There are 2 protein chains.
Amino acid sequence: MDKKIATIQDVARVAGVSTATVSRTLSKPTVVAAATREAVLNAVAETGYRINATASNLRRQRTGSVIVLLPNIANPFFAQILAGLSSILTPAKYGMLIADTQSGPDPDERLVHYLTSGQADGLILLDGSLSPDALKIPGRPPIVMACEWMGSDLPSVRVENGRGAAMAVGHFAQLGHRSVGHVTGPRGNVLAESRLEGFRSALTSLGLPLRHDWILEGDFSMDSGAAAANAWLAMEDRPTALFFASDEMAVGFMGVVQRAGYSVPEDVSIVGFDNIEIVQHLSPALTTIRQPRTQIGIRAAELLLRMIETGTLTGPSDLIEIEFIRRGSACPPPVGE
Amino acid sequence: MDKKIATIQDVARVAGVSTATVSRTLSKPTVVAAATREAVLNAVAETGYRINATASNLRRQRTGSVIVLLPNIANPFFAQILAGLSSILTPAKYGMLIADTQSGPDPDERLVHYLTSGQADGLILLDGSLSPDALKIPGRPPIVMACEWMGSDLPSVRVENGRGAAMAVGHFAQLGHRSVGHVTGPRGNVLAESRLEGFRSALTSLGLPLRHDWILEGDFSMDSGAAAANAWLAMEDRPTALFFASDEMAVGFMGVVQRAGYSVPEDVSIVGFDNIEIVQHLSPALTTIRQPRTQIGIRAAELLLRMIETGTLTGPSDLIEIEFIRRGSACPPPVGE
DNA sequence: GTGAAAGCGCTAACAT
DNA sequence: ATGTTAGCGCTTTCAC
């Protein structure tokens with residue numbers, strides 16, 4: 001009953017070989033003789049030895065883990081991206097360190113910290129609001145963006161946000177709507193801006209009116225969707241259709257208007273963005289733009305691993321296709337309005 | 001323009017002191033003379049030096065990170081616990097490694113792996129289905145359970161699951177329901193079992209009938225709630241009230257029955273469990289049992305850090321209070337049924 | 001208050 | 001095929 005953890009020395013002693021042989025047996029078993037290998041493995045079993053990752057990493061000048069920096073873990077949107085990341089990182093024997101830019105003081109500072117502390121072999125950025133100064137840090141590990149980031153040429157995996165907005169507007173137009181509004185994401189957020197821009201240009205190219213009072217500012221949250229609903233209810237002249245920059249906001253909106261006695265889609269048509277799991281279970285089920293989040297994670301992880309292995313700081317960016325999902329929350333506008 | 005990362009040696013040379021002094025300046029600044037300290041800090045700034053965490057950890061025989069083992073990251077339920085954990089771990093300068101037992105082969109094996117690989121100073125377990133053999137591993141780091149685990153006396157942070165179920169049943173009884181059913185979590189899951197047990201004993205103690213065909217097996221997911229709805233719709237003799245072991249299942253159920261033309265709560269009263277964010281935005285808003293998930297994370301992290309710092313493998317368990325949240329998804333049963 | 005020196009546990013040349 | 005040896009970059013006695 002050993003209370004101490006065995007080191008490679010202990011194994012070597014028990015097996016009657018050198019530490020180098022033990023190390024080799026564990027990393028490239030084919031290069032040691034079968035008999036030796038067996039002796040070593042027995043000794044490993046007997047002592048309960050396990051490689052000390054810290055020592056190994058120090059020696060090999062790597063860390064075996066990847067840091068994922070995101071704005072807010074509690075946001076379920078990121079959870080699926082994390083699942084995608086994990087499905088690649090884990091089999092590749094990389095640990096996944098999660099850092100929430102919210103739970104520290106200065107987010108930019110933390111980015112720099114992780115980039116320089118040598119705690120990870122690579123970094124995945126899910127927070128599009130960080131400053132690009134990081135790129136200049138000498139000796140920094142490879143970075144992959146899994147969202148848009150203005151004015152940076154980091155390798156990234158992203159989604160056709162503008163086209164998603166255009167799909168939503170196109171759908172409304174096809175149904176006969178002419179008064180269509182938009183509930184945006186937070187100002188300054190790159191995703192929000194792309195969707196807003198896509199919304200604007202789609203309206204213009206379809207010859208539909210672009211009214212500023214029909215563009216409501218949200219922040220992707222359900223609460224902000226509920227707030228938008230109250231604003232909509234208070235309007236004199238309401239749009240008959242509304243495109244939301246996130247499903248969450250659409251859900252918040254729907255809850256409020258339904259409780260106020262309005263019906264979706266008969267009184268308002270709505271389209272969301274993301275296709276979060278829940279929206280197919282609502283009544284009506286939400287028409288939305290699907291972003292394959294697991295896929296985003298998978299691609300980002302693959303890209304990063306390739307960069308780590310080849311030792312490059314650049315790589316091909318990846319554009320992931322979105323998909324329009326027609327469900328029950330949009331129909332032709334009410335007549336006589 | 002340095003392309004290399006500076007080591008403590010570089011700083012020592014630039015500052016004209018020994019590496020020991022540099023190290024001291026950075027860890028206990030008060031023991032070095034003010035003048036020396038300044039020289040060192042200048043050298044640090046000049047070289048862009050940052051402590052190499054791996055080397056530091058090897059020397060100090062610690063890792064500076066904590067592993068969180070959970071069944072499925074994509075489940076938003078865990079996301080909030082993670083946020084709570086992060087809010088404590090980050091300021092305490094601990095990294096948070098997330099491991100998903102789904103993305104590897106054998107979950108138990110992975111637990112053992114993390115326990116023995118020396119990759120973390122402590123471990124937080126969110127997966128109640130792992131085998132308790134882990135406890136016997138010599139030299140293992142401290143573990144905190146943030147959920148129930150049968151027959152283990154690990155320090156834990158948990159929630160009054162049974163009482164939650166009893167609250168739900170009590171509420172139904174008070175509204176006049178006599179036919180109440182339950183949609184369970186996955187068989188074998190400890191949370192699911194506790195809630196089921198709480199449900200059963202509450203029925204009994206209130207003198208309500210316990211019917212096996214009114215206990216539907218689910219797995220916490222929305223899809224399984226939808227499946228339960230179909231089962232309910234197909235019943236000859238339906239319960240007028242249903243307690244769900246998770247909010248997600250309640251949401252899935254509600255979507256299906258509403259689209260089938262039934263109304264909640266007029267046709268069925270339902271109560272969920274968890275109080276996930278969305279349920280207040282549904283119509284009707286869901287009556288449920290609130291579990292303070294962020295709080296669970298915070299307490300678990302605090303407990304673990306205390307154990308790490310004091311070097312103990314035991315600690316006080318913590319029971320977190322739940323709260324009944326009455327909203328609009330339960331009302332008296334329809335008359336004449 | 002500061003420096004010299006000894007490792008933490010491991011891996012990878014280099015020898016044999 | 002195996003052993004010897006020299007560190008990876010840091011912290012921490014132990015002297016001074």
Side-chain angles (χ1 to χ4, degrees), chain A residues 2 4-44 47-65 93 116-121 139 141, chain B residues 2 4-44 47-65 93 116-121 139 141:
Chain A
D2 357 322
K4 291 275 307 165
I5 273 187
T7 73
I8 202 171
Q9 311 265 10
D10 301 326
V11 181
R13 196 175 333 105
V14 172
V17 298
S18 74
T19 60
T21 300
V22 177
S23 178
R24 278 190 287 255
T25 309
L26 267 22
S27 55
K28 345 188 210 323
T30 53
V31 348
V32 305
T36 329
R37 193 189 320 153
E38 197 181 343
V40 171
L41 293 178
N42 285 338
V44 166
T47 54
Y49 171 73
R50 318 235 56 199
I51 296 180
N52 176 318
T54 310
S56 168
N57 289 338
L58 173 59
R59 178 60 234 241
R60 296 165 55 198
Q61 298 289 79
R62 47 97 71 175
T63 71
S65 53
K93 306 276 183 207
T116 53
S117 63
Q119 280 190 75
D121 299 331
Chain B
D2 355 322
K4 291 273 313 160
I5 272 187
T7 74
I8 200 170
Q9 312 265 9
D10 301 326
V11 181
R13 195 175 332 106
V14 172
V17 298
S18 74
T19 61
T21 299
V22 176
S23 177
R24 279 191 284 255
T25 308
L26 267 21
S27 55
K28 348 188 208 323
T30 52
V31 332
V32 306
T36 326
R37 192 188 323 154
E38 197 179 342
V40 170
L41 293 179
N42 285 337
V44 166
T47 55
Y49 172 71
R50 318 236 56 199
I51 297 180
N52 176 318
T54 311
S56 168
N57 289 338
L58 173 59
R59 177 59 233 240
R60 297 165 53 200
Q61 299 290 78
R62 46 99 70 175
T63 71
S65 52
K93 306 274 182 206
T116 52
S117 64
Q119 281 188 75
D121 299 330

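Keep in mind that what you see is a predicted model, and the values were worked out from it rather than measured. Convention: sequence-line order gives letters A, B, ...; per-chain numbering from 1.
Checking the phosphate oxygens (OP1, OP2) of D/dC10, no side-chain nitrogen or oxygen of B/Gln9 falls inside 4.0 Å. Contact check, A/Ser56 against C/dG9: no side-chain N or O comes under 4.0 Å of OP1 or OP2. Under 4.0 angstrom from either OP1 or OP2 of D/dC10 there lies no side-chain N or O belonging to B/Thr54. A sub-4.0 Å separation between OP1 or OP2 of D/dT12 and a side-chain N or O of B/Ser23 is absent. Within the 4.0 Å cut-off from OP1 or OP2 of C/dG3, at least one side-chain nitrogen or oxygen of B/Thr21 is found. The phosphate of C/dT11 has neither OP1 nor OP2 within less than 4.0 Å of any side-chain N or O from A/Gln61.
Regarding A/Gln119, its CD atom lies at a distance of 13 Å from the P atom of D/dC10, rounded to whole Å. Between the CG atom of A/Asn57 and the C1' atom of D/dC10 there is a distance of 15 Å, rounded to whole Å. To the nearest angstrom, C1' of D/dC10 lies 16 Å from CZ of A/Arg59.
If you check distances only, the side chain of A/Arg24 does reach the base of D/dG3 with a donor-acceptor pair under 3.5 Å.
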>> One pair to check against side chain to side chain donor-acceptor pair (under 3.5 Å): A/Asn57 and A/Thr63. What are the steps and the verdict?
In response: CA-CA 5 Å; A/Asn57 289 338; A/Thr63 71; 5.8 Å; no

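Closest contact between the side chain of B/Lys28 and the listed nucleotides C/dT2, D/dC10, D/dT12 involves D/dT12.
Annotation: the terminal axes of the helix from C/dG1-D/dC16 to C/dT16-D/dA1 meet at 30°, where each axis is the rotation carrying the C1' atoms of four end pairs onto the next four (5 pairs per end, rounded to 10°).
Taking for each of B/Ala55 and B/Ser27 the nucleotide of DNA chain D with the nearest heavy atom, the 5'-most of the two is the partner of B/Ala55.
In plain terms, the two heavy atoms of B/Asp121 and B/Gly64 that are nearest each other are OD2-N, 2.8 Å.
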Show every donor-acceptor pair shorter than 3.5 Å between a side-chain atom in residues 10-22 of chain A and any protein atom, with sequence neighbours excluded, or say none if there are none.
unit_1: A/Asp10; atom_1: OD1; unit_2: A/Arg13; atom_2: NH2; d: 3.0
unit_1: A/Asp10; atom_1: OD2; unit_2: A/Thr7; atom_2: N; d: 2.8
unit_1: A/Ser18; atom_1: OG; unit_2: A/Ala20; atom_2: N; d: 3.4
unit_1: A/Ser18; atom_1: OG; unit_2: A/Thr21; atom_2: N; d: 3.3
unit_1: A/Ser18; atom_1: OG; unit_2: A/Thr21; atom_2: OG1; d: 3.3

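Looking at heavy-atom distances under 4.0 Å, A/Ala20 makes contact with a base.
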